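In this text, all values refer to a predicted model and were calculated from it rather than measured experimentally.
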Amino acid sequence: MNPDKKVRRVQSLLYTSGVGVILFSIWTGLRGIEGLFEVWSELRREYGTEMENAVISMILCLFILAIMMFFTFLYIYIGKTAIDVSCGKKKGNLYLVLSVLLNIISWSLYISQFTHGEMFEVKTLVYIMIDITSNIILIEVIVFSFLLKKMR
């Protein structure tokens with residue numbers, strides 16, 4: 001195969017993986033919002049309607065929302081940078097480091113869920129399947145980025 005054709009192919013695969021990471025950022029955001037409502041309703045049941053407890057639960061929910069927004073924007077950053085690299089722009093390796101860290105965090109969460117027996121709920125299984133797909137796309141971003149840097 002022609003070397004230029006190989007480079008274009010890897011660029012296309014990296015571009016597609018970058019778009020996939022951005023699309024999974026939407027999933028991360030929606031899942032975070034759903035989790036936020038679960039936490040909010042659980043706190044409302046536990047602490048009742050007292051004003052102090054409502055303020056504490058609201059602060060806790062805002063904190064969880066901020067964390068989920070951070071992870072959503074992290075996925076968007078990784079995807080956007082992968083797209084830029086596939087188009088020939090020079091970028092640093094921060095997006096690769098973040099991809100590896102997100103994979104490590106996700107896999108450690110899966111292992112902890114499996115050891116605590118939470119994996120056998122249908123909802124959790126669906127979430128894990130979608131997250132594993134997201135992790136595979138992150139791994140593709142890492143692999144295609146290294147291949148592209150090696151070919152150039």
Side-chain angles (χ1 to χ4, degrees), residues 1-44 57-152:
M1 186 182 278
N2 186 358
D4 290 335
K5 193 172 183 180
K6 286 182 183 179
V7 170
R8 284 193 308 270
R9 182 171 181 254
V10 173
Q11 283 176 324
S12 175
L13 291 170
L14 181 59
Y15 185 91
T16 304
S17 297
V19 170
V21 171
I22 291 173
L23 291 176
F24 272 106
S25 72
I26 296 169
W27 161 253
T28 303
L30 291 176
R31 188 169 131 198
I33 291 171
E34 186 259 342
L36 183 69
F37 283 120
E38 284 181 7
V39 168
W40 179 261
S41 65
E42 186 177 316
L43 288 172
R44 298 283 301 202
S57 63
M58 184 178 289
I59 291 171
L60 181 62
C61 287
L62 288 174
F63 179 71
I64 292 170
L65 180 65
I67 290 172
M68 292 312 296
M69 287 177 59
F70 171 75
F71 280 105
T72 301
F73 288 120
L74 200 61
Y75 277 102
I76 291 172
Y77 171 76
I78 292 169
K80 176 72 172 114
T81 306
I83 290 170
D84 289 345
V85 169
S86 73
C87 293
K89 296 179 183 174
K90 298 279 184 189
K91 296 288 182 173
N93 293 326
L94 179 63
Y95 76 104
L96 295 173
V97 172
L98 292 174
S99 297
V100 169
L101 288 175
L102 281 176
N103 267 310
I104 291 171
I105 290 169
S106 294
W107 289 110
S108 64
L109 288 174
Y110 303 146
I111 291 170
S112 71
Q113 285 180 345
F114 181 72
T115 57
H116 290 97
E118 295 176 20
M119 239 176 128
F120 300 107
E121 296 177 15
V122 174
K123 180 179 167 183
T124 306
L125 282 174
V126 170
Y127 284 175
I128 287 175
M129 294 303 292
I130 293 172
D131 287 340
I132 287 173
T133 306
S134 172
N135 286 344
I136 290 170
I137 292 175
L138 283 173
I139 291 169
E140 287 179 348
V141 164
I142 296 166
V143 169
F144 296 143
S145 293
F146 281 122
L147 283 174
L148 192 59
K149 287 181 182 190
K150 184 180 175 184
M151 290 178 171
R152 287 183 179 167

Could you state the interatomic distance from CD1 (Ile132) to OG (Ser134), rounded to the nearest 0.5 Å?
-> 10.5 Å
Hey, is Arg8 close enough to Asp4 for a salt bridge, meaning N to O under 4.0 Å?
-> no
Looking at side-chain heavy atoms only, is the closest gap between Phe24 and Thr133 below 4.5 Å?
-> yes
Nearest heavy atoms of Gly18 and Ala82, plus distance in Å | CA-CB, 4.0 Å
Flag side-chain contact, heavy atom, 4.5 Å: Ile78 against Leu102 = yes
Between the CD1 atom in Ile142 and the OG atom in Ser99, the distance rounded to the nearest 0.5 Å is 5.0 Å
Taking atom CE of Met151 and atom CD of Gln11, what is their separation to the nearest 0.5 Å?
-> 9.5 Å
Hey, what do you get for CD1 (Ile139) to OG (Ser17), rounding to the nearest 0.5 Å?
-> 11.0 Å
Single hit among Ile137, Leu74, Thr16, Thr81 for side-chain contact (heavy atoms from CB on, under 4.5 Å) with Val21 = Ile137
Kindly determine whether Tyr75 and Leu138 satisfy side-chain contact (heavy atoms from CB on, under 4.5 Å), including the steps that lead there.
-> CA-CA 9 Å; Tyr75 277 102; Leu138 283 173; 3.8 Å; yes
Is the closest side-chain heavy-atom distance between Val19 and Ile22 below 4.5 Å?
-> no
Check whether any side-chain heavy atom of Ser145 sits under 4.5 Å from a side-chain heavy atom of Val141, and report yes or no.
-> yes
Spacing of Glu140 atom CD and Leu14 atom CG [to the nearest 0.5 Å] = 10.0 Å
Met69, CE atom: more than 12 neighbouring heavy atoms under 6.0 Å = no
Take atom OH of Tyr15 as the centre, draw a 6.0 Å sphere, and report whether it contains more than 12 heavy atoms from other residues, nucleotides or ligands.
-> no
Straight-line distance of Asn103 CG to Leu98 CG, nearest 0.5 Å = 11.5 Å
Could you go through the side-chain contact (heavy atoms from CB on, under 4.5 Å) check for Leu96 and Lys149 one step at a time?
-> CA-CA 12 Å; Leu96 295 173; Lys149 287 181 182 190; 4.1 Å; yes
Close side-chain approach of Leu147 to Phe144, heavy-atom, < 4.5 Å = yes
Salt bridge (charged side-chain N to carboxylate O under 4.0 Å, His left out) pairs, two or more places apart, involving residues 58-72 | none
